[in-house]
Every structure is written in structure tokens, then in C-alpha cells.
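Take a look at the structure set out below.
Note that the structure is a prediction, hence the values are computed from the model and not measured. Side chains included, hydrogens not; waters and symmetry mates left out as well; all remaining heavy atoms used.
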Amino acid sequence: MMDHVDMRIVEELSKNSRITMKELGERVHLTGQAATSRVAKLEDQGIIKRYTVDLDLEKLGYVVQAFINIWTNDLSHQPYLSFIRTQTEYVIRNYKISGDSCYLLECRFPSNKTMDRFLVDLNKHVNYKLSIVIS
């Protein structure tokens, strides 16, 4: 069970996972050692599963971001899932969802031309609806 201090730790780590344990402790009113113990406990409990980096996709050359709703053509989703596994450069996340569509793809592309080639290949496996991220 998480208490108020654990919640503050998670909040601070969500803002900056590279924070030192000493600084984290200061922000949540613990010693660095106590903060380290709390973080280890949260990791052991599976509350903190991993640490990530928030990338500026545009600076990495991915100027087009898109969300793509996916409808599978038949009951077997394997052809689609196999295709997506080969597209790790472009696919950020593949969410299995409820509602009108089967999946929601979060993607990034270096150009509209690259996205178009991806969509042509994607359409061999599924139907889709494309939404481009404006900001």
C-alpha cells in the first residue's frame, strides 16, 4: 500500500527520473538513504516498472507524429502484429483497445512520404483511420 510519501516520490520521479536520491529525499522530506529504500520498495512491488527518457522527436528527425486507429480484416490478428513488430523505427506504442477499433498505434515518421509507404504496407493487413498530431 502506498502512503502520501510514496505518492510524492512517484510524482517527483515522474518529473525527473535522473534526480539524485539525496535531492529526492529533500523534496519529500526524507534522508537520501530513506528515499533510496522507499524507491527500492516501490520497484520491488512493481509500482515502478522502469525508467524512461522523454525524447524530442522533431530533433531526432521525426517531424510527423500520428495516431492510427486499426480495424483488423479477420479474426486472426497475427499478420498485423507480426507486421508491427518489424516497424519498431516508426511505432512508438501499439495499444489494444476497446471501442470502435481494435488497436491504437502511436507512430512517428521522418516524412509524409515515409508515412505513406508505412500506411500502404499496413493496409495489406488491416483497415485504418489516420490522425496527425498538430501539437
#### Entry: Interatomic distance, His4 atom NE2 to His29 atom NE2 [nearest 0.5 angstrom]
8.0 Å
#### Entry: side chain to side chain donor-acceptor pair (under 3.5 Å) partners for Lys129, two or more places apart
none
### Validation row: Leu119, Ile68 side chains within 4.5 angstrom (heavy atoms)
yes
### Task
Report, as yes or no, whether the 6.0 Å neighbourhood of atom CD on Gln33 holds more than 12 heavy atoms from other residues, nucleotides or ligands.
no
### Query
Which heavy atom in Ala66 sits nearest to a heavy atom in Val133, and how many Å separate them?
N-CG2, 4.2 Å
### Task
For Phe109, enumerate each residue passing the ring-ring contact (aromatic ring centres under 6.0 Å, His included) test, keeping only those at least two apart in sequence or located in another chain.
Tyr90, Phe118
### Query
Would you say Val126 and Val91 are hydrophobically clustered, going by side-chain heavy atoms of ILVMFWY under 4.5 Å?
yes
### Task
Each residue besides Tyr51 in its hydrophobic cluster should be listed here, by chain and number; the cluster joins Ile, Leu, Val, Met, Phe, Trp and Tyr at side-chain heavy-atom distances under 4.5 Å.
Met2, Val5, Met7, Ile9, Val10, Leu13, Ile19, Met21, Leu24, Val28, Leu30, Val39, Leu42, Ile47, Ile48
### Query
Do you know which of Lys41, Arg38, Arg8 makes salt bridge (charged side-chain N to carboxylate O under 4.0 Å, His left out) with Asp3?
Arg38
Let me have the donor-acceptor pairs involving side chains of residues 101-108, under 3.5 Å, with sequence neighbours excluded, atom names and distances please.
{"from": "Ser101", "atom 1": "OG", "to": "Asn69", "atom 2": "ND2", "distance (Å)": "2.9"}
{"from": "Tyr103", "atom 1": "OH", "to": "His77", "atom 2": "ND1", "distance (Å)": "2.8"}
{"from": "Glu106", "atom 1": "OE1", "to": "Tyr95", "atom 2": "OH", "distance (Å)": "3.4"}
{"from": "Arg108", "atom 1": "NE", "to": "Glu89", "atom 2": "O", "distance (Å)": "3.0"}
{"from": "Arg108", "atom 1": "NH2", "to": "Glu89", "atom 2": "O", "distance (Å)": "3.3"}

### CZ/Arg85: more than 12 non-hydrogen atoms of other groups inside 6.0 Å
yes
### Query
So do Met115 and Leu130 actually touch side chain to side chain, heavy atoms under 4.5 Å?
yes
### Message
Would you compute the distance between atom CD of Glu26 and atom OG1 of Thr31 and round it to the nearest 0.5 angstrom?
### Response
10.5 Å
### Message
Go through it in stages, so that I can follow the logic: the residues are Tyr62 and Ile92, the test is side-chain contact (heavy atoms from CB on, under 4.5 Å), and I'd like the CA-CA distance, side-chain angles, deciding distance and then a yes or no.
### Response
CA-CA 12 Å; Tyr62 295 99; Ile92 298 170; over 6 Å; no
### Message
Please check: side-chain N/O of Thr86 versus main-chain N/O of Phe83, any donor-acceptor pairing under 3.5 Å?
### Response
yes
### Query
Under 4.5 Å between any side-chain heavy atoms of Ile70 and His125, yes or no?
no
### Query
Do you know which two heavy atoms are closest between Arg50 and Thr52, and how far apart they sit?
NH1-CG2, 3.3 Å
### Message
According to side-chain contact (heavy atoms from CB on, under 4.5 Å), who are the partners of Lys124, at least two apart in sequence or on a separate chain?
### Response
Asp121
### Task
Would you please name every residue forming a side-chain contact (heavy atoms from CB on, under 4.5 Å) with Asp56, sequence neighbours left out?
Glu58, Lys59
### Message
Taking CG in Asp54 as the centre, count heavy atoms belonging to other residues, nucleotides or ligands within less than 6.0 Å. Is the count above 12?
### Response
no
### Query
Hey, quick one: are Ile134 and Leu57 part of the same hydrophobic cluster, counting side-chain heavy atoms closer than 4.5 Å, chains of contacts allowed?
no
